[in-house]
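What follows is one structure encoded as structure tokens, with my remarks underneath.
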Amino acid sequence: MTTMEVPTLAPRPTLRAKGRNIVAVASGKGGVGKTWFSITLSHALARANQRVLLFDGDLGLANVDIQLGLMPKTDLGSVVAGRMTLNQALTRFSEGGFDIIAGRSGSGTLANIPLSRLQMLGDDLVLLAGNYDRVVVDLGAGVEKTTRNFSQQAGTIMVVTTDEPTSLTDAYAFIKVTHMERPGTDMRIVVNMANSTREGERIYNTLLKACEGFLKISPPLAGVIRRDLKVREAIRNQTPIMMRSPNAEAAADVEAIVERLIRSR
């Protein structure tokens, strides 16, 4: 697997150590269930008595609020414009027990903000993270500057992939770029929409072999999420799966990922 060369972003070590409780959710491409996983991960963490913030870091195609059926009065657009602070942009999702900072749905303007403003936004997020046990950042797909800037702040990065060859190739590309910019980053693989746990492990091993062969790293498996029709129903009804179908297999799989995440820190 190969990827194009991407200019590196300069790391900011003074704030990096403070972001250990930030979990960034990434994917090489869209359509792998990254936002659904970010929402469900946040919900599962909240159900485990964690204080949780879900930050919609997909500045180009923000849709956390849409999947939850919310119409927040504040979003990142107001923060970037200087009309309010990041803390003032919080929206409480009472049913799920966690806070949200929404992006600006249906607008790609935030994806083009200057790098200096983007870095300030990332630094503000690290400071805000001090008020929470976990901050989950739903990154944009790919390796654009906004995605890489927010991923630099994270203590842990969950890379979501499926069995599609393009998904695996692009996940590898994200891992490669992140490893080049931040060697030693805690990256973990999430295999989504697998037909079975065993198949998910096989998919993971395919990606692992590429990482070990070309990058000499071995990102661990965070977990396998089985294909579940109840996921589509929950998204269609703009309701978290743990509220609509709490006994669904996919919900149980995410809860297992959360249990391992909490134990690892």
>> Going by side chain to side chain contact (heavy atoms under 4.5 Å, CB included), name the residues that satisfy it together with Ser116, two or more places apart in sequence or in a different chain.
In response: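 Only Pro114 meet the side chain to side chain contact (heavy atoms under 4.5 Å, CB included) criterion with Ser116.
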
> Which residues pass the side chain to side chain contact (heavy atoms under 4.5 Å, CB included) test with Leu229, sequence neighbours left out?
Replying inline: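 Partners of Leu229 by the side chain to side chain contact (heavy atoms under 4.5 Å, CB included) criterion come out as none, since no residue qualifies.
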
For [X], what residues pass the side-chain hydrogen bond (donor to acceptor under 3.5 Å, both in side chains) criterion, not counting sequence neighbours?
X      : value
Glu233 : none
Gln50  : Arg134
Arg92  : Asp99

Given the rule that I, L, V, M, F, W and Y join up when any side-chain heavy atoms are under 4.5 Å apart, are [X] and [Y] in one cluster?
X      : Y      : result
Ile225 : Met193 : no
Val52  : Leu68  : yes
Leu118 : Val137 : yes

Would a distance-only check, ignoring hydrogens and angles, find a side-chain to backbone donor-acceptor pair under 3.5 Å from [X] to [Y]?
X      : Y      : result
Asn21  : Ala129 : yes
Asp228 : Ala250 : yes
Ser264 : Leu261 : yes
Lys216 : Gly213 : yes
Arg182 : Gln152 : yes
Asp56  : Asn63  : yes

Do [X] and [Y] have side-chain heavy atoms sitting under 4.5 Å apart?
X      : Y      : answer
Leu121 : Leu86  : yes
Ile101 : Leu76  : yes
Ile262 : Leu45  : yes
Arg226 : Thr197 : yes
Asn131 : Arg51  : no
Ser27  : Phe37  : no
Asp170 : Val32  : no
Asn87  : Leu127 : no

Closest contact, heavy atoms only, [X] versus [Y]:
X      : Y      : answer
Met158 : Ala222 : SD-CB, 3.6 Å
Ser196 : Val224 : O-CG1, 4.0 Å
Leu168 : Asp163 : CD1-O, 4.1 Å
Ser151 : Ala24  : CA-CB, 4.5 Å
Gly77  : Asp75  : N-OD1, 2.8 Å
Pro219 : Leu208 : O-CD1, 3.8 Å

> Which class fits the ring pair Phe98 and His43: parallel under 30°, tilted 30 to 60°, perpendicular over 60°?
Replying inline: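 Rings of Phe98 and His43: tilted, as their planes differ by 30° to 60°.
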
> Can you name the ring-ring contact (aromatic ring centres under 6.0 Å, His included) partners of Phe150, sequence neighbours left out?
Replying inline: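 Testing Phe150 for ring-ring contact (aromatic ring centres under 6.0 Å, His included), a comparison that skips the adjacent residues, returns Phe55.
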
> side-chain contact (heavy atoms from CB on, under 4.5 Å) with Val135: which of Leu53, Leu128, Val126?
Replying inline: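 Among the candidates, only Leu53 passes.
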
Nearest 0.5 Å please: distance from the [atom1] atom of [X] over to the [atom2] atom of [Y].
X      : Y      : atom1 : atom2 : value
Ile189 : Leu221 : CD1   : CG    : 8.0 Å
Thr178 : Asp186 : OG1   : CG    : 12.0 Å
Thr156 : Arg188 : OG1   : CZ    : 4.5 Å
Arg148 : Leu139 : CZ    : CG    : 12.0 Å
Met243 : Glu95  : CE    : CD    : 5.0 Å
Glu164 : Ile203 : CD    : CD1   : 10.0 Å

> Going through the checks in order, is the side-chain contact (heavy atoms from CB on, under 4.5 Å) test met by Val191 and Thr161?
Replying inline: CA-CA 5 Å; Val191 179; Thr161 188; 4.2 Å; yes

> What do you reckon, is CZ of Arg117 surrounded by more than 12 foreign heavy atoms closer than 6.0 Å?
Replying inline: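 Yes.
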
>> Walk me through whether His179 and Thr185 qualify under side-chain contact (heavy atoms from CB on, under 4.5 Å).
In response: CA-CA 7 Å; His179 174 65; Thr185 297; over 6 Å; no

> Under the side-chain contact (heavy atoms from CB on, under 4.5 Å) criterion, do Arg244 and Lys230 qualify, and how do the steps go?
Replying inline: CA-CA 9 Å; Arg244 182 173 176 84; Lys230 291 184 173 61; over 6 Å; no

>> side-chain contact (heavy atoms from CB on, under 4.5 Å) for Val64 and Ser38? Distances and angles first, verdict last.
In response: CA-CA 9 Å; Val64 163; Ser38 297; 5.7 Å; no

